[in-house]
Undergrad: 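Pasting in a structure now, in structure tokens, and then I'll have a few things to ask.
Residue numbering restarts at 1 for every chain, and letters A, B, ... go by the order of the sequence lines.
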Amino acid sequence: MSVRTRFAPSPTGHVHIGNMRAAIYNWLFARHHGGAFLLRVEDTDRERSTPEAIDTLLRAMEWLGLEADEAPLYQSTRMEAHLAAAERLMELGLAYRAEKGGAGSGECVLFRMPGRTISFEDAIKGTLTKAAENMEDFVIVRSNGTPVFHLANVLDDIEQGVTHVIRGDDHIENTYRHIALYEALGAELPVFGHLPMIVNGQGKPYSKRDGDAFVGDFRANGFLGDALFNYLVLLGWSPGDDREIMSRDEMVEAFVLEKCQSSAAQVDLKKLSWMNYEYILQLSDASFRSATREALSVAEIAATEEQLDAVIPLIRERVKTLTEIAPLCRFLLRDDYAYNEKAVAKKLLKEGVQETLAALRELLLEVSSFDAPTLNRLLHDYVERSGKGFGAVMPPLRICISGEQGGPDLCPVLEVLGRDEVIRRLDRAVEMFFD
RNA sequence: GACCCCUUCGUCUAGUGGCCUAGGACUCCAGGUUUUCAUCCUGGCAACACGGGUUCGAGUCCCGUAGGGGUCGCCA
């Protein structure tokens, strides 16, 4: 039988990276075996499962490139089948009506656990066992007549022909119950594989306060879907060799459950940033250009296509995340940039700087051609003649025209700004800091 | 508390009894290239949780201990 895996999230409006990693592993596993990856939306919790929440889920999957092979199954449409199965189980004596104390009132339907030890071979963790005396009968239909997760989940997996259930290890306890349900329903057991949790930078479980654990937040923070995908794949799995940056094809080819880790993994934003940088470098010129256009638009910085032509080469290999684009471009496209106080204090308000700037002003005004190579020669000559050193010349000039101590290569920046603008900014800064 | 799961550098990991004086990557630190900014190059710091076994030999197998996590809903 060909492999069929599924991602069965409950749409809540946020998609946690732990869930998304499970989706990625299911996708990879199905692709590796030439099987199908399915999506089932477990939307039976009416309160939380809004159209917006489902949209958020779908968008997150699209962003990461996780296309499903069949139309999604919405669990809410399957209630009749779930209840019919409960009836069947009651007829077989495998489930029964009863009053159970607690939240509900009235009779609900409980599934009768078989009363024997249940053991299964987990594809990731090995043999897992739970003794009969530690398992109790559980509710499968509420007293209000709606089916409970366990019943719905198992029935839908059977319905969709799921052969491998790969999910978080917080489901291990559920799996013992689910196995009993499969058997009672006379269905063949799928292979189960339980993934360890993903924890935050402090090694603790992600909580509501760890806002950056949602897929949408990573996107908003300037990470690329492919980069997050690659990072998440490596968080709990490895190809068995030293490869890290991998193409989808390579991942699909190498992905096996046996190489999954069985202990929790901690998210390291620094490493994610590094990986994101590597992916940004691999972006096509057209993709980077449209990313730049969007970043500038969000930051409300206007730019013509000609300006983009000039600015992009300066920043192309300097951004680790897309969110760094706008701040880096700002001074190139507008003159209302702020002067970094620390930079000013450290590099500008120093002995001799005013004279240096005055000298540079003259040279820049007179230089025959205002292009980067010429400007580079000009600055070199000045440094040599004045004996001041680049450290005393370049940084002050840079701060005057950009407000910052760091940034793109200086001479090309001067060229892009043009002579008039550079002189104007120079005069403005000198007036501001030295008069 | 009961039951279940987990444990190699700070982090992600390689390692399936000898190839391990434990390898790679990220981070960090030190040099070098670039006399701006950044990149890049080289080097360095740094781990088998602990205690018992089994074995000629254990990071790798077994048992304990400790620590961490999960589950104990008429949520999913």
Undergrad: Below 4.0 angstrom from OP1 or OP2 of B/G15, is there any side-chain N or O of A/Lys259?
TA: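 Answer is yes, contact under 4.0 Å.
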Undergrad: At under 4.0 Å between heavy atoms, what does A/His194 touch on the DNA or RNA strands: base, sugar-phosphate, or nothing?
TA: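 Nothing, no nucleic acid heavy atom in range.
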Undergrad: Which residue pairs pass the side chain to side chain donor-acceptor pair (under 3.5 Å) test when at least one of the two sits in residues 252-268 of chain A, sequence neighbours left out?
TA: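 Counting only pairs at least two positions apart or across chains, no side chain to side chain donor-acceptor pair (under 3.5 Å) contact touches residues 252-268 of chain A.
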Undergrad: With a 4.0 Å cutoff (strictly under), does any side-chain N or O of A/Ser143 reach OP1 or OP2 of B/C74?
TA: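 Answer no for this pair, as no side-chain N or O of A/Ser143 is under 4.0 Å from OP1 or OP2.
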Undergrad: Please tell me if the side chains of A/Leu349 and A/Val344 come closer than 4.5 Å, counting only heavy atoms from C-beta onward.
TA: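 Heavy-atom side-chain distance check passes, below 4.5 Å.
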Undergrad: What's A/Gly240 touching, base or sugar-phosphate or nothing? Going by heavy atoms closer than 4.0 Å.
TA: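 A/Gly240: backbone/sugar contact only, no base atoms under 4.0 Å.
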Undergrad: Using a 4.0 Å heavy-atom cut-off, write out nucleotides 2-8 of chain B from 5' to 3' as B (base contacted by protein), S (sugar-phosphate only) or - (no contact).
TA: -SSSSS-
Undergrad: Picking from B/U36, B/C74, B/U27, which would you name as closest to the side chain of A/Met394?
TA: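 Taking heavy atoms from C-beta onward, the closest nucleotide is B/U36.
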Undergrad: On RNA chain B, nearest-nucleotide positions of A/Ala98 versus A/Glu244: which is more 5'?
TA: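 This one resolves to A/Glu244.
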Undergrad: Distance check needed: B/C37 C1' versus A/Ile401 CD1, whole Å only.
TA: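 It is 11 Å, rounded to the nearest whole Å.
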Undergrad: Using whole Å, report how far CG of A/Asn376 lies from C1' of B/U34.
TA: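 Those two atoms, CG and C1', are 11 Å apart.
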Undergrad: Could you tell me how far B/U13 sits from B/C40 if I compare only their C1' atoms? Round to whole Å.
TA: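 My reading of the C1' atoms in B/C40 and B/U13 gives 25 Å.
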Undergrad: Taking only the C1' atom of each, what is the distance from B/G10 to B/G70 in whole angstrom?
TA: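 Taking atom C1' in both B/G10 and B/G70, they lie 25 Å apart.
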Undergrad: With distance as the sole criterion, is a donor-acceptor pair present between the side chains of A/Ser247 and A/Asp249 under 3.5 Å?
TA: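 No.
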Undergrad: Please determine whether the number of non-hydrogen atoms from other residues, nucleotides or ligands lying under 6.0 Å from atom CD of A/Glu317 exceeds 12.
TA: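 For A/Glu317, atom CD is not crowded (no more than 12 foreign heavy atoms under 6.0 Å).
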Undergrad: Under 4.0 Å, counting only non-hydrogen atoms across every strand here, what does A/Gly406 touch: a base, just sugar-phosphate, or nothing?
TA: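 It contacts sugar-phosphate atoms only.
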Undergrad: Once you round it to whole Å, what is the distance between P of B/C37 and CG of A/Asn340?
TA: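 My rounded result for the distance is 14 Å.
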Undergrad: With a non-hydrogen cut-off below 4.0 angstrom, is A/Asn174 in contact with a base, only sugar-phosphate, or nothing?
TA: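 The residue A/Asn174 makes base contact.
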Undergrad: Please confirm whether the backbone N or O of A/Leu224 pairs with a side-chain atom of A/Asn276, one donor and one acceptor, at under 3.5 Å?
TA: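 The answer is yes, because a donor-acceptor pair under 3.5 Å joins these two groups.
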Undergrad: In whole angstrom, what separates A/Phe149's CZ from B/U71's P?
TA: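 Atom-to-atom, A/Phe149 to B/U71, this comes out as 12 Å.
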Undergrad: Applying a 3.5 Å limit to both distances, which nucleotide forms a Watson-Crick or G-U wobble pair with B/A76?
TA: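 Base-paired to nothing in any strand shown.
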Undergrad: Looking only at the side chain of A/Asp242 (C-beta and beyond, no hydrogens), which of the listed nucleotides B/U35, B/U11, B/G24 gets closest?
TA: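 So the side chain of A/Asp242 is nearest to B/G24.
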Undergrad: Nearest whole angstrom, please: distance from the P of B/U39 to the CD1 of A/Ile280.
TA: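 In whole Å, B/U39 P lies 14 Å from A/Ile280 CD1.
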Undergrad: Report yes if a side-chain nitrogen or oxygen of A/His380 is closer than 4.0 Å to either non-bridging phosphate oxygen (OP1 or OP2) of B/U35; otherwise report no.
TA: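 For B/U35, OP1/OP2 do have a side-chain N/O of A/His380 under 4.0 Å.
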Undergrad: Using a cut-off of less than 4.0 Å, is there contact between a side-chain N or O of A/Lys100 and OP1 or OP2 of B/C74?
TA: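 For A/Lys100, the contact criterion (side-chain N or O under 4.0 Å from OP1 or OP2 of B/C74) is met.
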Undergrad: At less than 3.5 Å, do the side-chain atoms of A/Asp409 and the base atoms of B/U36 form a donor-acceptor pair?
TA: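 Checked by distance alone, the answer is yes.
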Undergrad: Which of residues 312-333 of chain A sit near RNA chain B, with a heavy atom under 4.0 Å from it?
TA: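 RNA chain B contact set from residues 312-333 of chain A: A/Arg318.
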Undergrad: Taking atom P in both B/G67 and B/A47, what distance in whole Å separates the two?
TA: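 Their P atoms lie roughly 23 Å apart.
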Undergrad: Quick check on A/Glu341: does its CD atom have over 12 non-hydrogen neighbours (other residues, nucleotides or ligands) under 6.0 Å away?
TA: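 Open.
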Undergrad: Nearest whole angstrom, please: distance from the P of B/U35 to the CG of A/Leu397.
TA: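 Value for this atom pair: 17 Å.
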Undergrad: So which nucleotide does B/C50 pair with, by the Watson-Crick or G-U wobble rule with both distances under 3.5 Å?
TA: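 For B/C50, the partner nucleotide comes out as B/G64, under the 3.5 Å rule.
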Undergrad: Could you identify the nucleotide paired to B/A2, looking across every strand shown and requiring Watson-Crick or G-U wobble geometry with both distances under 3.5 Å?
TA: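 With both distances under 3.5 Å, B/A2 matches B/U71.
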Undergrad: Is any side-chain N of the basic residue among A/Glu244 and A/Lys271 closer than 4.0 Å to the acidic one's carboxylate O?
TA: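 Result for this pair is yes, salt bridge flagged.
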Undergrad: With a 4.5 Å heavy-atom cut-off, do A/Thr356 and A/Leu397 have their side chains touching?
TA: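 A side-chain contact under 4.5 Å is absent here.
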Undergrad: Among B/C74, B/U39, B/G24, find the nucleotide with the atom closest to the side chain of A/Tyr277.
TA: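 Comparing B/C74, B/U39, B/G24 against the side chain of A/Tyr277, the answer is B/U39.
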Undergrad: Tell me what A/Leu410 touches on the nucleic acid: a base, only sugar-phosphate, or nothing, going by heavy atoms under 4.0 Å.
TA: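 Base: the residue A/Leu410, judged by heavy atoms under 4.0 Å, touches a nucleobase.
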Undergrad: If you check the A/Asp170 side chain, which of B/U71, B/C26, B/U36 turns out closest?
TA: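 So the side chain of A/Asp170 is nearest to B/U71.
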Undergrad: Does atom CZ of A/Arg97 have more than 12 heavy-atom neighbours, drawn from other residues, nucleotides or ligands, at distances under 6.0 Å?
TA: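 Incorrect, the count does not exceed 12.
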Undergrad: Hey, is A/Phe390 stacking on B/U35? Ring centres under 5.5 Å, planes under 30°.
TA: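 Yes, aromatic ring over the base.
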Undergrad: For B/C56, give its Watson-Crick or G-U wobble partner with both distances under 3.5 Å, or none.
TA: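 Checking every strand shown, B/C56 finds its partner in B/G18, with both distances under 3.5 Å.
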Undergrad: When the ring centroid of A/Phe111 is compared with that of A/His178, is the distance short of 6.0 Å?
TA: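 No, the ring centres sit 6.0 Å or more apart.
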Undergrad: Against the six-membered ring of A/Phe331, is A/Arg398 placed for a cation-pi contact (under 6.0 Å from the centre, within 45° of the normal)?
TA: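 Not satisfied by the 6.0 Å and 45° rule.
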Undergrad: Report the residue (A/Pro395 or A/Gly236) whose heavy-atom-nearest nucleotide on RNA chain B is the more 5′ of the two.
TA: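 Counting from the 5' end, the first nearest nucleotide belongs to A/Gly236.
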Undergrad: Rounded to the nearest 0.5 Å, what separation is found between the CD1 atom of A/Ile118 and the CD atom of A/Glu183?
TA: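 Reported to 0.5 Å precision, the distance equals 6.5 Å.
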Undergrad: Using the side-chain heavy atoms of A/Ala265, tell me which of these nucleotides is nearest: B/U13, B/G68, B/C26.
TA: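 Output: B/U13.
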Undergrad: Measure from the side-chain heavy atoms of A/Ser238 and tell me the nearest of B/U13, B/A76, B/U36.
TA: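 Nearest listed nucleotide: B/U13.
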Undergrad: I need the NZ-P distance between A/Lys271 and B/C28, as an integer number of Å.
TA: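 It is 13 Å, rounded to the nearest whole Å.
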Undergrad: Can you tell me the distance, in whole Å, between the CG atom of A/Leu83 and the C1' atom of B/C74?
TA: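 Result: 14 Å.
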